[in-house]
Amino acid sequence: MKTKSQNNPPVAVVDCNNFYASCERVFNPKLLGKPVVVLSNNDGIIVALSNEAKAVGIKMGDPLFKVQDLVKKHDVNVFSSNYVLYGDISHRIMTTLEQFSPNVEIYSIDEAFISLEGFKRKNLTEYCREIRETVKKWIGIPVSVGIAETKTLSKIANRIAKKNPKYDGVLNIYGIAQNEIDEYLKITDVSDVWGVGHQYTKLLKKNNINTAYDLTKANDKWVKNNMTVMGLRTVYELRGIPCVSLESAVPDKKAIICSRSFGRYVETIEEIKESVSLFTTRAAEKMRSQNSACRLLTVFLRTNPFKKTPQYHNGVLVHLPVPSDSTTEMISYAMKGVEQIFRKGYLYQKVGVMLTGFEPVDRSQLGLFDSEDRIKMAKVTETMDRLNLEFGSRTLFYASSGIKRSWGTKSDMKSPQYTTDWENLPEVSA
DNA sequence: TCTGGGGTCCTAGGACCC
DNA sequence: TCTGGGGTCCTAGGACCC
């Protein structure tokens, strides 16, 4: 049985408020105080909203077409997602955080855990206020900070700091009395605990576990049986026992996926092949950037499960005879995969490629064990990667990926790439 | 007309081996 | 009559995260 120790170092989670919506505002101050929403790929669902948009009743995950009335009525500003912009702003924020702690874990595009080992409780709050103000001043993005003894508790503090204006964006529950922590846990619904999703919420509520506090009192054995060791870890963390450590080194990916919904339905194998070829190219680029080669490639496709038209979904796992990082070679296997699973007569909505079974690439060995051909392929690939990096990802591409790509993703309301494209530098008015 | 994309971890169960 | 048991590897599926 694990017990709580006295001196866990404080951990803070810094989380950007309504990140994508806030990014759109950075270069467009007219949007301040106005409702803003940002759409997923293909302009499908809402993935980020400003507080004003939440206030008129729009929710995360709503399909755009279902909230069109609200959008019109309240004059909501709608944007297609602009990942290049968000990624660049994210990078600036993370760099800023690294000036405040030597130990930063970039957890997602809009969130980081930072270790504040060595700080006294009293100074922690002030320090985190300074972080918050610096990010706002330098980058223009509002963030909230939660500080606690474990990551899971820091997420709870963060959430309360964000929701309740009286905390002004920073809540520090590190080192306070247990009965005070309990008060915060009692006002946190169990569904808002990090690690508790839809399914577990249903199960927990059925068993009369309604708040984060209730969950700390749950029976360990029951939790492990019903929620695996992951669930048990969450319970310990809520009790103040750290089980999830801070990981500042970025681990290599164990899987790389590239998949997309089409901008319209696709019926022909030729167009499916074009898209799979393009997605294989993208996935292979990502894989090479971490110097991996893969043994396994999965191709999958599916119709639209929301439609009443005939449904079909399938995937195939292709084993490569030799681990490969060559786009040319991977495309040829992916095409064989498509031929295996494609069926005529369906309206396809989405396809994707997943790479797994990674091994480190060691080019020096290529010549020893493999044909001359492979070395040549590697050179072509390297050249393409370099040119595409330098001149943009569409400089050189495989003809098999299609040229017109009329099946491509919809993105009709995209903001300019203010920070990464000279053509789009914002104008300064005198 | 219109419902995202990219990841992680854990577990059960089958195949295979001795 | 009676059909082991333990270990490992792999995969599919289900849960979660943002």
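Numbers restart at 1 for each chain; the letters A, B, ... are given by sequence-line order, proteins then strands.
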Asks: Using a heavy-atom cut-off of 4.0 Å across all strands, would you classify I45(A) as base, sugar-phosphate, or nothing?
Replies: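 The answer is base, as I45(A) lies within the cut-off (heavy atoms under 4.0 Å) of a base atom.
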Asks: Run the ring-centre check on Y200(A) versus W194(A) and record whether the distance is less than 6.0 Å.
Replies: no
Asks: Mind checking V193(A) for me? I need base, sugar-phosphate or nothing, with any heavy atom below 4.0 Å counting as a touch.
Replies: sugar-phosphate
Asks: So I176(A) and I181(A), side-chain contact (heavy atoms from CB on, under 4.5 Å) or not? Walk me through it.
Replies: CA-CA 7 Å; I176(A) 63 176; I181(A) 292 180; 3.5 Å; yes
Asks: Just the atom pairs and distances: protein N or O near nucleotides 9-13 of chain B's N or O, under 3.5 Å.
Replies:
unit_1	atom_1	unit_2	atom_2	d
dC9(B)	OP1	K254(A)	NZ	3.4
dC9(B)	OP2	K254(A)	NZ	3.1
dC10(B)	OP1	R233(A)	NH2	3.0

Asks: Apply side-chain contact (heavy atoms from CB on, under 4.5 Å) to the pair I256(A) and F358(A), showing each step before the final yes or no.
Replies: CA-CA 10 Å; I256(A) 289 171; F358(A) 292 147; 3.9 Å; yes
Asks: With each end axis built from five pairs of C1' atoms, what bend angle do you get for the helix from dG5(B)-dC18(C) to dC18(B)-dG5(C)? Round to 10°.
Replies: 10°
Asks: Would you mind checking if D214(A) and K205(A) are paired as a salt bridge, meaning a charged N to carboxylate O distance below 4.0 Å?
Replies: no
Asks: Mind checking if E111(A) touches a base, just sugar-phosphate, or nothing, with heavy atoms under 4.0 Å?
Replies: sugar-phosphate
Asks: Between E271(A) and R264(A), does at least one N-O distance fall below 4.0 Å, as a salt bridge requires?
Replies: yes
Asks: Quick check on dG4(B): is either OP1 or OP2 less than 4.0 Å from any side-chain nitrogen or oxygen of K410(A)?
Replies: no
Asks: Looking at every strand, decide which applies to K66(A) at a 4.0 Å heavy-atom threshold: base, sugar-phosphate, or nothing.
Replies: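 The answer is base, as K66(A) lies within the cut-off (heavy atoms under 4.0 Å) of a base atom.
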Asks: To the nearest angstrom, how far is D15(A) atom CG from dC17(C) atom P?
Replies: 14 Å
Asks: Can you list, pair by pair, the side-chain donor-acceptor contacts under 3.5 Å of residues 87-103 of chain A, counting residues two or more places apart and other chains?
Replies:
unit_1	atom_1	unit_2	atom_2	d
D88(A)	OD2	R92(A)	NE	3.0
D88(A)	OD2	R92(A)	NH2	3.1
D88(A)	OD2	T419(A)	OG1	2.7
S90(A)	OG	I109(A)	O	2.6
T95(A)	OG1	H91(A)	O	2.7
T96(A)	OG1	R92(A)	O	2.8
S101(A)	OG	N103(A)	N	3.0
S101(A)	OG	N103(A)	O	3.3
S101(A)	OG	S115(A)	O	2.8
N103(A)	OD1	S248(A)	OG	3.0

Asks: Quickly work out the K308(A) NZ to dT1(B) P distance and round it to whole Å.
Replies: 11 Å
Asks: Evaluate the side-chain proximity of K59(A) to I46(A): yes if any heavy-atom separation is below 4.5 Å, no if none is.
Replies: no
Asks: Check this one for me: any side-chain N or O of R260(A) less than 4.0 Å away from OP1 or OP2 of dG6(B)?
Replies: yes
Asks: Using the P atom on both, measure dC18(C) against dT3(B) and round to a whole Å.
Replies: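 To the nearest whole Å, 25 Å.
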Asks: Just compare dC16(C), dT3(B), dT1(B) and give me whichever is closest to any side-chain atom of Y200(A).
Replies: dC16(C)
Asks: Got a sec, which pairs hit side-chain hydrogen bond (donor to acceptor under 3.5 Å, both in side chains) with one end in residues 127-142 of chain A, sequence neighbours left out?
Replies: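 Qualifying pairs: none.
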Asks: How far apart are the closest heavy atoms of E267(A) and F342(A), and which atoms are they?
Replies: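 Minimum heavy-atom separation between E267(A) and F342(A): O-CZ, 3.3 Å.
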Asks: Hey, which sits more toward the 5' end of DNA chain B by its nearest nucleotide, D252(A) or P63(A)?
Replies: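 Nearest-nucleotide comparison on DNA chain B picks P63(A).
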Asks: Would you say Y107(A) places a side-chain N or O within less than 4.0 Å of OP1 or OP2 belonging to dC16(C)?
Replies: no
Asks: When the aromatic ring centroids of Y348(A) and W407(A) are compared, is their separation below 6.0 Å?
Replies: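 No; W407(A) has its ring centre 6.0 Å or more from that of Y348(A).
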Asks: Take the protein atom CD of E285(A) and the nucleotide atom P of dG6(B), then report the distance between them rounded to whole Å.
Replies: 13 Å
Asks: For DNA chain B, what residues of residues 327-351 of chain A have any heavy atom nearer than 4.0 Å?
Replies: Q349(A), K350(A)
Asks: For Y83(A) and dG7(B), what is the distance between atoms OH and P respectively, to the nearest whole Å?
Replies: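 Value for this atom pair: 13 Å.
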Asks: Not counting sequence neighbours, list each pair that qualifies as a salt bridge (Lys or Arg N to Asp or Glu O under 4.0 Å) and has a residue in residues 23-41 of chain A.
Replies: R25(A)-E52(A)
Asks: Quick one: is dG6(B) close enough that its OP1 or OP2 comes under 4.0 Å of any side-chain N or O from S259(A)?
Replies: yes
Asks: Does D110(A) reach a base, just sugar-phosphate, or nothing at all? Heavy atoms under 4.0 Å.
Replies: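 Counting heavy atoms under 4.0 Å across all strands, the contact made by D110(A) is with sugar-phosphate only.
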Asks: Between M354(A) (CE) and dT8(B) (C1'), how many Å, whole number?
Replies: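 Distance check: M354(A) CE to dT8(B) C1' gives 12 Å.
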Asks: So, for G146(A) and A157(A), which heavy atoms are closest and what is the spacing to 0.1 Å?
Replies: CA-CB, 3.8 Å
Asks: Would you indicate what Y86(A) reaches in the nucleic acid, counting non-hydrogen atoms under 4.0 angstrom: base, sugar-phosphate, or nothing?
Replies: nothing
Asks: What nucleic acid atoms does N304(A) come within less than 4.0 Å of, heavy atoms only: base, sugar-phosphate, or nothing?
Replies: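 Sugar-phosphate contact only.
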Asks: Within this structure, what is the OH-to-C1' distance between Y20(A) and dC18(C), rounded to whole angstrom?
Replies: 8 Å
Asks: Checking all strands, does I256(A) fall into the base, sugar-phosphate, or nothing category for heavy-atom contacts under 4.0 angstrom?
Replies: sugar-phosphate
Asks: For a quick check under 3.5 Å, do Y184(A) and D182(A) share a side-chain donor-acceptor pair by atom type?
Replies: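 Result is no, nothing qualifies.
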Asks: Measure from the side-chain heavy atoms of I257(A) and tell me the nearest of dG4(B), dC2(B), dG6(B).
Replies: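 Looking only at heavy atoms from C-beta outward on I257(A), the closest nucleotide is dG6(B).
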Asks: Remember a base hit wins even if backbone is also touched, and classify K286(A) as base, sugar-phosphate or nothing at under 4.0 Å, heavy atoms.
Replies: sugar-phosphate
Asks: Check the phosphate of dC2(B) against N42(A), side-chain N and O only, distance under 4.0 Å to OP1 or OP2. Yes or no?
Replies: no
